[in-house]
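What follows is one structure encoded as structure tokens, with my remarks underneath.
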Amino acid sequence: MLRTTSLRVLGPADLAAVTEILDRDPVANVFVASRVRMVGLEPLRLGGEMWGHQVDGRLDALCHAGANLVPVEAGPDAQRAFAERARRQGRRCASIVGPKAAVAPMWELLERAWGPARDVRPNQPLMSISTPSPVRADPGVRRVRPDELETILPACVAMFTEEVGISPTVGDGGATYRARVAELIAAGRSFARIEDGRVIFKAEVGSATDEACQVQGVWVAPELRGRGLSSGGMAAVVNESLRDIAPVVSLYVNDYNVPARATYRRVGFQDSGTFMSVLF
């Protein structure tokens, strides 16, 4: 039987259908789900368009096209449709990120037009935990206060630069990134151990819904690494997040970062999928 497929930009009237798709995998889809539940589907508020792939008039896959290109529940037909639309409009994103099963085929279709990428990270284990950590939580790790923005910000910039390979201050002098850090602090999703004005450990819950949340920006002061501080720090973040943010805590990590992967497993995280990131 011949199927009819189409792609269109979604809007507020599509919210129920979009939510249904996001709920298929609350952990893998938490980044997009968090944005949608916070601001809806109006492109100006969403920070980009939400593309919807339809089969016989029924929505079956999504792609958030903003600062990041993020496919959601995208099968082969949707991957091709999303990649073709992205190719036609030209690259507007800083990265393609999401489940490897969707990102890898899309990048294969886009590479000739958009390449070369600054970095391709093809295997990033997606890890999650839904019970308190067996590791003793560091009692010094707590939520960052709004008046500590200037204290935490240099550590956030250092982490971002180290992880992504480019400073978040490029372009607008860091105003957008500063606002994002302040937003997470105000939401109670920035955690740190701070001693005498010095950041020892820090991490943020970058995305959150009622079903899951995702940790990002894990960082230990370089001169203090190798002392086990990240295990206790992450245990504290996990326990606090499970207590009053979401019932599942997740993160994704580069496969070559063996020490970090070992730390997360020690804290209690288990592999639950594979992400891939293409950075421009």
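In this text the structure is predicted, and so the values were computed from the model without any measurement.
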When you compare the side chains of S207 and Q214, does any donor N or O come within less than 3.5 Å of an acceptor on the partner?
no
Check the side chains of S277 and Q124 for a donor-acceptor pair under 3.5 angstrom, ignoring hydrogens and angles.
yes
Step by step, would you call E111 with R87 a salt bridge (charged side-chain N to carboxylate O under 4.0 Å, His left out)?
CA-CA 9 Å; E111 184 173 11; R87 185 195 64 78; over 6 Å; no
Tell me whether [X] is salt-bridged to [Y], with the criterion being a basic N under 4.0 Å from an acidic carboxylate O.
X    : Y    : answer
R58  : D56  : no
R37  : D23  : yes
D271 : R265 : yes
E150 : R178 : yes

Is the shortest side-chain heavy-atom distance between [X] and [Y] below 4.5 Å?
X    : Y    : result
V249 : V205 : no
F191 : K202 : no
R189 : I245 : yes
V32  : L22  : yes
D14  : L41  : yes
V238 : V215 : no
Q216 : M159 : no
F31  : V97  : no

Nearest non-hydrogen partners of [X] and [Y], listed with the distance:
X    : Y    : value
V253 : A260 : CG2-CB, 4.0 Å
E211 : A246 : C-CB, 4.2 Å
L46  : G40  : CD1-O, 3.4 Å
C93  : W114 : SG-CZ3, 3.7 Å
C213 : S241 : SG-CB, 4.1 Å
P247 : L242 : O-CD2, 3.4 Å

When rounded to the nearest 0.5 angstrom, what distance separates [atom1] in [X] from [atom2] in [Y]?
X    : Y    : atom1 : atom2 : answer
I152 : I194 : CD1   : CD1   : 4.5 Å
I96  : L279 : CD1   : CG    : 9.5 Å
T151 : D196 : OG1   : CG    : 11.5 Å
R180 : F160 : CZ    : CZ    : 11.5 Å
L15  : L10  : CG    : CG    : 10.5 Å
F269 : S128 : CZ    : OG    : 8.0 Å

Could you please spell out the steps behind the side-chain contact (heavy atoms from CB on, under 4.5 Å) verdict for E162 and W219?
CA-CA 10 Å; E162 182 178 343; W219 183 87; 4.0 Å; yes
For the rings on F280 and W107, is their centre-to-centre separation under 6.0 Å?
yes
Hey, quick one: are [X] and [Y] part of the same hydrophobic cluster, counting side-chain heavy atoms closer than 4.5 Å, chains of contacts allowed?
X    : Y    : answer
V18  : I21  : yes
V141 : L224 : yes
V218 : L229 : yes
Y264 : F201 : yes
V27  : M38  : yes

Return yes if some donor-acceptor pair links the side-chain N/O of [X] with the main-chain N/O of [Y] below 3.5 Å, else return no.
X    : Y    : answer
Q54  : T4   : no
R145 : D147 : no
T263 : S230 : no
D25  : A28  : yes
R118 : V164 : yes
N257 : N254 : no
S133 : A235 : no
R143 : G188 : yes

Determine the interplanar angle of the F82 and W51 rings, folded into 0 to 90°, and report it as parallel if under 30°, tilted if 30 to 60°, perpendicular if over 60°.
tilted
Kindly write out the residues that satisfy ring pair (Phe, Tyr, Trp, His ring centres under 6.0 Å) with Y252, not counting sequence neighbours, or none if the list is empty.
F275
side-chain contact (heavy atoms from CB on, under 4.5 Å) for L251 and M234? Distances and angles first, verdict last.
CA-CA 11 Å; L251 54 79; M234 280 301 296; 3.8 Å; yes
Evaluation steps, side-chain contact (heavy atoms from CB on, under 4.5 Å), between M127 and V267
CA-CA 11 Å; M127 309 179 77; V267 170; over 6 Å; no
Under the salt bridge (Lys or Arg N to Asp or Glu O under 4.0 Å) test, residues paired with E42 that sit two or more places apart
none
So, using salt bridge (Lys or Arg N to Asp or Glu O under 4.0 Å) as the criterion, who are the partners of D138 when residues are at least two apart?
R193
Just wondering, more than 12 heavy atoms not from R24 lying within 6.0 Å of its CZ?
yes
Flag if over 12 foreign heavy atoms under 6.0 Å of CD, E84:
yes
Decide side-chain contact (heavy atoms from CB on, under 4.5 Å) for V144 and E204; before the verdict, give the C-alpha distance in whole Å, the side-chain angles of both, and the deciding distance to 0.1 Å.
CA-CA 10 Å; V144 178; E204 294 85 39; over 6 Å; no
Under the side-chain hydrogen bond (donor to acceptor under 3.5 Å, both in side chains) test, residues paired with D119 that sit two or more places apart:
R121
Holding to side-chain hydrogen bond (donor to acceptor under 3.5 Å, both in side chains), I want the full list of residues that pass it with E108, two or more places apart in sequence or in another chain.
none
What side-chain donor-acceptor pairs closer than 3.5 Å can you find for residues 63-78, not counting sequence neighbours?
unit_1	atom_1	unit_2	atom_2	d
N68	OD1	S95	OG	2.7
E73	OE2	N29	ND2	3.1
D77	OD1	R80	NH2	2.5
D77	OD2	R3	NH2	2.5

